[in-house]
Amino acid sequence: MTTPTRLLPFAPRRAVQVLAAVGAAALLVTGCGSDSDKGSDEKSGNAAESGGGTRTVKDATGTAVKVPANPKRIVTLTQEDLDAVLALGVKPVGITNGQGLSKPPAYLADKVKGINVVGNLLQPVMDKVVAAKPDLILAGDMQDEQMLKQLREITPATLVTMAPTDDWKLSFRGIGNALNKMNDANKVIGDYEAKAKKAGEGLGGNKGAEVSIVRWNPDGPSWMEKKQFASGVALDMGLKRPKNQDKDGNAHTPALSLEKINEIDGDWLFLSTLTSDGEKALKDVQEKPAYKDLNAVKKNHAVTVDGSVWSTRGGPIASGVVVDDIAKALK
């Protein structure tokens, strides 16, 4: 299937820097004035139950948006937004399929049973969004201005929740603020960080190992930069990246040729795919001498993982999955 191009992979550096200047940090700025002046509870950091009213937040583009003080009908347009609201204990009324998928991501499947799918990743079907009657739309890293205009006609409370260089924690805190659940968001992050640290310390001889994180595309492998989601989780566990992969950024490299396959080597090699063509390409190369000569492969340290988790922009639930995957492999 065809999926929209997201800004993660190859965003031009200058454009990324400009957009990141306003980033999801803007989502953390809240104006407490509201129609009912009951929009926030400064003592708890979460919304007080009120009969209505609005709050004003800024989204990841710096746009000030009025949102319900206590949104009840949320539609998410990316799996990162879905991951975030589920982690905050909120069940949305409309979701989209996962990245590269024609269904919701498998790692969230048991949590989204019965929720209407309103389209594919960042490609909502407007009639289905209307039918969901949202009072808040979380639009991920949506860049299509025409589509955003249509969404805002459905509800003005439509938020872009992630800028190109935002990590999942920053975006998640912004979503927590938009839902008036900032304390809950901070607790979720704290719990995750404690889990990651404990798991990393329990890896025995593999504590501090160098892990290579690779997505296999139809035309070859791409290794992930240091601030990419799954890489960030590995670093939170106290692991390292191979020297040639120790690069700042949250993108991945262009696909490498077979002659450069040694660039993906490490103490451990985590491989993911997002499409059936990528999966076939990986299976094909696994029979070739160049792949079999990798040190990680020789040591039986090459692990296949779910690309719909590892190759995304991430979220708190996905982060837990990555911690578990790494711990299971390295123990």
Side-chain angles (χ1 to χ4, degrees), residues 3-30 57-65 67 74 76-88 96 98-99 105 121-122 136-145 147-148 151 158-179 181-182 184-186 188-190 192-193 196 213 215 224-236 247-252 308-322:
T3 56
T5 300
R6 305 184 77 177
L7 290 179
L8 168 62
F10 305 112
R13 295 291 180 184
R14 183 173 297 176
V16 165
Q17 290 167 356
V18 172
L19 287 167
V22 291
L27 253 170
L28 303 179
V29 180
T30 306
V57 300
K58 289 186 178 180
D59 75 1
T61 69
T63 302
V65 182
V67 299
I74 301 171
T76 62
L77 300 187
T78 69
Q79 71 183 55
E80 293 87 356
D81 294 323
L82 173 60
D83 186 309
V85 299
L86 291 172
L88 290 169
T96 54
Q99 183 171 340
L121 173 82
L122 294 174
L136 177 65
I137 297 174
L138 301 178
D141 50 345
M142 173 77 72
Q143 301 296 315
D144 187 328
E145 290 297 332
M147 190 169 290
L148 283 171
L151 292 168
T158 295
L159 296 173
V160 175
T161 59
M162 182 175 279
T165 59
D166 292 341
D167 66 20
W168 75 263
K169 296 177 187 177
L170 183 58
S171 177
F172 179 59
R173 283 193 171 101
I175 292 170
N177 181 53
L179 271 60
K181 290 180 175 287
M182 182 63 82
D184 292 342
N186 287 332
V188 168
I189 291 173
Y192 152 75
E193 289 176 342
I213 299 174
R215 185 170 88 189
M224 303 297 184
E225 293 176 336
K226 192 163 63 174
K227 293 181 181 178
Q228 183 268 348
F229 160 61
S231 178
V233 174
L235 296 178
D236 285 342
K247 308 291 184 184
D248 280 336
N250 66 345
H252 58 72
S308 70
V309 177
W310 280 64
S311 292
T312 65
R313 300 287 293 271
I317 300 175
S319 296
V321 173
V322 174

Does the pair F172 and Y192 meet the rule for a side-chain contact (heavy atoms from CB on, under 4.5 Å), with working shown?
-> CA-CA 12 Å; F172 179 59; Y192 152 75; over 6 Å; no
What's the shortest heavy-atom distance between [X] and [Y], and which atoms?
| X | Y | result |
| --- | --- | --- |
| F229 | W310 | CD2-O, 4.1 Å |
| I213 | Q228 | CG2-OE1, 4.4 Å |
| K226 | L235 | CG-CD1, 3.4 Å |
| D166 | R313 | O-NH2, 3.6 Å |
| E225 | S231 | O-CB, 3.4 Å |
| S308 | P105 | OG-CB, 4.4 Å |

Could you give the distance from CG (L170) to CD1 (I175), rounded to the nearest 0.5 Å?
->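 One gets 10.0 Å once the value is rounded to the nearest 0.5 Å.
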If you round to the nearest 0.5 Å, how far is OG1 of T76 from CG of L82?
->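 Atom-to-atom, L82:CG and T76:OG1 are 4.5 Å apart.
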Quickly, which of L159, T161, V160 forms a side chain to side chain contact (heavy atoms under 4.5 Å, CB included) with T61? Name it, please.
->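 When side chain to side chain contact (heavy atoms under 4.5 Å, CB included) is applied between T61 and each of L159, T161, V160, only V160 qualifies.
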Determine, stepwise, if the pair L179 / I74 fulfils side-chain contact (heavy atoms from CB on, under 4.5 Å).
-> CA-CA 10 Å; L179 271 60; I74 301 171; 3.9 Å; yes
Looking only at atom types and distance, does a side-chain atom of [X] sit under 3.5 Å from a main-chain N or O of [Y], one as donor and one as acceptor?
| X | Y | answer |
| --- | --- | --- |
| T312 | V309 | yes |
| S319 | G315 | yes |
| D141 | P164 | no |

Partner set under side-chain hydrogen bond (donor to acceptor under 3.5 Å, both in side chains) for [X], not counting sequence neighbours:
| X | answer |
| --- | --- |
| K169 | E193, D236 |
| N186 | R173 |
| T96 | none |

Can you name the side-chain contact (heavy atoms from CB on, under 4.5 Å) partners of K247, sequence neighbours left out?
->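 W223.
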Under the side-chain contact (heavy atoms from CB on, under 4.5 Å) test, which residues partner T158, sequence neighbours left out?
->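 Only I137, A139, L148, L151, R152, T155 meet the side-chain contact (heavy atoms from CB on, under 4.5 Å) criterion with T158.
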Side chain proximity check, I189 to P316, heavy atoms < 4.5 angstrom =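 With C-beta onward as the side chain, the pair stays apart.
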Could you walk me through whether Q99 and Q79 pass the side-chain contact (heavy atoms from CB on, under 4.5 Å) test, one step at a time?
-> CA-CA 7 Å; Q99 183 171 340; Q79 71 183 55; 4.0 Å; yes
Is the number of heavy atoms from other residues, nucleotides or ligands under 6.0 Å of K227 NZ greater than 12?
->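 At most 12 heavy atoms, drawn from other residues, nucleotides or ligands, come within 6.0 Å of this atom.
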